Amino acid sequence: MSRKRRLELIIERMALRRACNILEESGMGGYTVLGTVAGRGRNSTWRREDDPSSSREMAVIIAIGDAAKVERALADLHQLVDAHIGVLSVCDVDVLRPDRF
Amino acid sequence: MSRKRRLELIIERMALRRACNILEESGMGGYTVLGTVAGRGRNSTWRREDDPSSSREMAVIIAIGDAAKVERALADLHQLVDAHIGVLSVCDVDVLRPDRF
Amino acid sequence: MSRKRRLELIIERMALRRACNILEESGMGGYTVLGTVAGRGRNSTWRREDDPSSSREMAVIIAIGDAAKVERALADLHQLVDAHIGVLSVCDVDVLRPDRF
Amino acid sequence: MAFDLAWNTIVSPVVLFFVLGLVAALARSDMSIPEDFAKGIAIYLMMAIGLKGGFEMSRSGLDAEVAAVMIAGIALSLVIPLIAFALLRFTTDLGRIDAAAAAAHYGSISIVTFIASTQALEWAEVESSGHLVAVAALMEAPAIVVALLLAGPRDSARVGVAGQSRGELVREVALNASVVVLIGALLVGWATGERGQAQVERFFLTPLQGVLCLFLLDMGLAAGRGLRRGREALRPATLAFGLYMPLVGAALGGGLASLLGLGVGDAALLMTLAASASYIAVPAAMRLALPEARPSIYLTLSLGVTFPFNLTLGIPAYVVVAGWIAG
Amino acid sequence: MAFDLAWNTIVSPVVLFFVLGLVAALARSDMSIPEDFAKGIAIYLMMAIGLKGGFEMSRSGLDAEVAAVMIAGIALSLVIPLIAFALLRFTTDLGRIDAAAAAAHYGSISIVTFIASTQALEWAEVESSGHLVAVAALMEAPAIVVALLLAGPRDSARVGVAGQSRGELVREVALNASVVVLIGALLVGWATGERGQAQVERFFLTPLQGVLCLFLLDMGLAAGRGLRRGREALRPATLAFGLYMPLVGAALGGGLASLLGLGVGDAALLMTLAASASYIAVPAAMRLALPEARPSIYLTLSLGVTFPFNLTLGIPAYVVVAGWIAG
Amino acid sequence: MAFDLAWNTIVSPVVLFFVLGLVAALARSDMSIPEDFAKGIAIYLMMAIGLKGGFEMSRSGLDAEVAAVMIAGIALSLVIPLIAFALLRFTTDLGRIDAAAAAAHYGSISIVTFIASTQALEWAEVESSGHLVAVAALMEAPAIVVALLLAGPRDSARVGVAGQSRGELVREVALNASVVVLIGALLVGWATGERGQAQVERFFLTPLQGVLCLFLLDMGLAAGRGLRRGREALRPATLAFGLYMPLVGAALGGGLASLLGLGVGDAALLMTLAASASYIAVPAAMRLALPEARPSIYLTLSLGVTFPFNLTLGIPAYVVVAGWIAG
Ligand SMILES: Nc1ncnc2c1ncn2[C@@H]1O[C@H](COP(=O)(O)O)[C@@H](O)[C@H]1O
Ligand SMILES: Nc1ncnc2c1ncn2[C@@H]1O[C@H](COP(=O)(O)O)[C@@H](O)[C@H]1O
Ligand SMILES: Nc1ncnc2c1ncn2[C@@H]1O[C@H](COP(=O)(O)O)[C@@H](O)[C@H]1O
Ligand code: NA
Ligand code: NA
Ligand code: NA
């Protein structure tokens, strides 16, 4: 198996498209977006059902890629997470088909 | 980047509020809850659509925080997962804005 | 705490049952399936709402188990991910009740 | 006559769609109705039956009988769990906690079974009273308390589970969706009466039976899958309990109905409530209050065995018997 | 008469179900209606009100008054944010950006409040015009532009946020669901007229009030939870703004209506539009365009304070006052 | 007359809402109808059309013609994929597997297109038979088998994919939601006849056209986005196939209809079935059985090209032509 980086970005739904644009521009091979149902942060407690505008909802983006590409995405993601509500974390993972990332 | 801990708790939906209470009391800065659609364990196979009571459904809580706070949450979470159905795991992650966790 | 492996498989929804069968046969103690809402890969951009057939939708399987069992599952999962659309990654996690995995 | 009535009840779109779902699930079809859609429909059904009861009450007013039936309902929901618990402990190998949890389900009620019963009465042109909806709502919770007493002293009850918050069980039990919506809609219907009915009947009353078909197709799928997956967890004696316990409940309900001199329709509905078992509110409450009890036992029993039994054979039988004892 | 009308509006299933949701949420019930179901119902409601307006327009045709009311609506949505901003800056401690964001909500509209108002008019047997739906759609967006100007020069506006794509805000604002569906359904209703109405009225018009009950139960829950969670974020002066600002808006709307000589129904609807505050389109746009503004302020105000006020007390008041100024 | 009929079909709320969705998606609006809500509506539509067919069959009974049309339908779904495959291989650069997968879609059917066609017939006051619903259900699956044969020997077919379970493809194809619900509802309608219809028509029949509007708005969005995203994947020759292949299918269907001497309505429906392409059941089956085939080809063709073509221009044309050949 081969070592890659797994990027996980918890980002407010309204800024999701911006985050995806950044990942695409940084050359990451792909990503998958998961929905969320509730959450709590320093400034807010929210539940999906209680917000007709969906403006407090978050989404989780998972993107697996090689270290260099992830590094390239980080600068812009950092700026995004400064303007928008979001939590960004990265960890090491082992993958089977290293060439596809 | 700076090293933090990522706590992932797969917990039955009915005990979700208890788990969130524990995280809040332990001083974790925040968490995000994801829904699930199906699962299998030693005692059960379930699918969201097949359970009108939602009492078999699970939720996934992701909480990123510094090692000390995660440690503080673990004791109570352990007791929760003893009483309730749940799977608890922790791993290392790198984050960009260490001060916010 | 004790060290285990966390397997994460992003797999097309239609092949979900096949992936679950493999996990069951390999002796993994359990798994949890999460839904997804959108994604992008080398060959496709999709959004859940835009696909009445659900044939482009992905699901995420999380399965925590000991290294040996995960290893056993990998060969078959590799073959699955060769035939089907999917991304497979594994990382280390710490768990509290090692005996249950 | 009795046969005709029973036949007409069974060969109705509502019941046949339930059977369709049941059969599809047992044949291992993968089809399903999205959970969130089905939950929305469930809210609609509870609003509809609550409003219906409320409109009816605004026409008929309150009298002593209303209070009597309510007390009868609560009494049933307190006594039935005791009987169910005893039967389970003597005839099956279930432990104290599993038996107590299952008993709670039978003391409580299934609102969908109740709605199906009101429809069967409509087809048979039998009148029933709106306040039975209030009785249904009142019967949701008491059995849970009984079950907790039956379960006896436990570790988790003594020291509490981490993260538990004050009043969470009370809130879960007393303010869950079906209690809030049933009672709320009943009050709305009662307060707005004829004028309210004219405003909303074309959404809540006219299409009700059709909506029930769609919902029961989903419930058939859920019941069939519950049965298929839970089958192995149930020994024959436990499975048999799921079939005769509703009859025990119905007998008690029928007895009380005849004591109170209720009409045919009300008697049939009280029997149905007594016979039915909860598969929404009580399982959820049990996960909070008795997490040691196994869902594979109580859910399979109430959703996989008793619910299909009541919906297909039970209801017509209760209507026919109610005709005998009250007619 | 005025009292009767107000009373009948408030004691209607539609309003009572909203109150039920509000009370349940404040009592900390956990019940909820699945988000995806509620969003589907919201689309239905917008299609229904759009079609209704379109069918009506196909009967009545267009005249100069139509253009006049449209211009009046746009004028309101440009002026109201200025007043709201000034009031917030002088009477509360909100900063420039939070005040601008909140002001945008009051310049825009709540389509559910509008629909509830059309129902209240129907119960009171007051006629209103279909093109007010077009006015509603036209009032969705302009206030957002005003708010961005009020917010003034900011870092994020100057350099842009990473990942921003050209035209995303315009697309979000001009092609969001409510604009597309309202305008689209209006055109469909207008183009197909009587023939179209015969084809779809039994789904979109007949059951409309009932559907509104279900939807407002959900909105009551959302408003109650918004209020409960956001309460601490609001100082008394800010909270008070949420109660008097709709009256300021309604007064402006009523003034314009009387200037234009609108009928009672149209006057009441224009007042409602001016009084109502957005809690769907504008919050979403604010997250894109003014991410520094705090949702806990503007959502609590518009959804938790102004929306319940309009739905329970506001609408009957506007209808009564419209009767005075236009009757 | 023909022009009037076509015009009335196209300028109907049902078709215009589809166009609205299509245009909004092509204009890159972000609006959407929640997937779970749309899937619930899809189940409703299949129940409704199945019941409608069943009620009609319970009135008209069975005769030899019924069997003949069923056989004709199956024959079409076996032959059309062969023609489609040949055309794709000769006129486009698609490989064997992609061509086989796309061909399967055209042999199978789109039930929404079928429902829209029954509505167009109703507006034109042309009668059609209930058993055409059964024909539709029978035409869902056979083309899949043909496509697997056309795809020829492949690695994955020989050794199997890991995790494959016995009978999963058969279950997926023969017990998928549309087959189960269509056939099931047809039987329910047939068995309960007039009595059943009286019970459920106000939910399943009266509002049907309105529900179809809501659903087609969603389908318009899906088709528009499918087309926008998949456009680049299709060469002009492939795209053209998506436009002329429905005409080839309709011609075959019309030929068979005239051979069998079907009435105008039945002929139009058989043509519609032959012309329509699956975008639900077949894509799902292809992911299981031919995972090597590219969804970007077959989904864009059937959902993005052929579906909009049939819904807007195709159906009126088939109804008009059916009038000529059968009238
Ligand atoms: N430490 C954390 N771990 C996981 N999710 C978080 C964390 N902090 C915040 N979030 C998510 O981000 C949202 C906004 O956080 P905040 O900006 O702190 O109010 C919360 O509602 C959570 O969904
Ligand atoms: N090893 C595991 N990895 C991931 N999820 C698990 C695991 N074991 C159990 N689960 C989840 O926890 C639920 C209950 O498990 P159990 O208590 O073992 O029946 C299952 O249905 C799964 O959703
Ligand atoms: N690097 C990645 N990280 C996360 N998800 C991915 C990645 N690559 C692909 N995916 C997911 O897999 C799907 C199919 O990918 P592909 O086969 O590359 O078109 C995408 O739509 C994503 O949902
Ligand atoms: Na009972
Ligand atoms: Na306004
Ligand atoms: Na076809």
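By convention in this document, chain letters (A, B, ...) are assigned in the order of the sequence lines, proteins followed by strands, and residues within each chain are numbered from 1. Note that the structure is a prediction, hence the values are computed from the model and not measured.
No side-chain donor-acceptor contact under 3.5 Å links E:Glu140 and E:Ser278. No donor-acceptor contact under 3.5 angstrom links the side chains of E:Ser276 and E:Thr113, judged on distance only.
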Take E:Glu168 and A:Arg18 through the salt bridge (Lys or Arg N to Asp or Glu O under 4.0 Å) test and state the conclusion after the steps. CA-CA 10 Å; E:Glu168 69 178 348; A:Arg18 290 177 180 177; 2.6 Å; yes
Candidate pair E:Lys39 and E:Asp36, rule salt bridge (Lys or Arg N to Asp or Glu O under 4.0 Å), full reasoning: CA-CA 5 Å; E:Lys39 285 211 169 122; E:Asp36 287 349; 5.5 Å; no
Start with the C-alpha gap between A:Glu57 and A:Arg48, add the side-chain angles, then the distance that decides, and say whether salt bridge (Lys or Arg N to Asp or Glu O under 4.0 Å) holds. CA-CA 6 Å; A:Glu57 214 174 309; A:Arg48 186 165 137 72; 3.2 Å; yes
Could you walk me through whether E:Asp93 and E:Arg235 satisfy the salt bridge (Lys or Arg N to Asp or Glu O under 4.0 Å) test, starting with their C-alpha distance in whole Å, then the side-chain angles of each, then the deciding distance to 0.1 Å, before giving a yes or no? CA-CA 8 Å; E:Asp93 58 351; E:Arg235 302 270 173 93; 2.6 Å; yes
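For E:Met219, the part sitting under 4.5 Å from any heavy atom of chain A is the side chain, from C-beta outward, and nothing else. Heavy atoms closer than 4.5 Å to chain A are found in both the backbone and the side chain of E:Leu288. Contact annotation for A:Arg13: neither backbone nor side-chain heavy atoms come within less than 4.5 Å of a heavy atom of chain E. At a 4.5 Å heavy-atom cutoff, the contact between E:Ala284 and chain A is made by backbone and side-chain atoms alike. Neither the backbone nor the side chain of A:Glu25 comes within less than 4.5 Å of any heavy atom of chain E. Contacts of A:Asp82 with chain E are absent, with no heavy-atom separation under 4.5 Å from either backbone or side chain. If you measure heavy-atom distances from E:Ile33 to chain A, the contacts under 4.5 Å come from the backbone alone. At a 4.5 Å heavy-atom cutoff, the contact between E:Arg287 and chain A is made by backbone and side-chain atoms alike. Proximity to chain E (any heavy atom under 4.5 Å) is shown, for A:Thr45, by both the backbone and the side chain.
With ring centers used as reference points, E:Phe241 lies under 6.0 Å from E:Tyr106.
Your options are A:Arg17, A:His78, A:Arg47, A:Glu24, and the one with the most heavy-atom pairs under 4.5 Å with chain E is A:Arg47.
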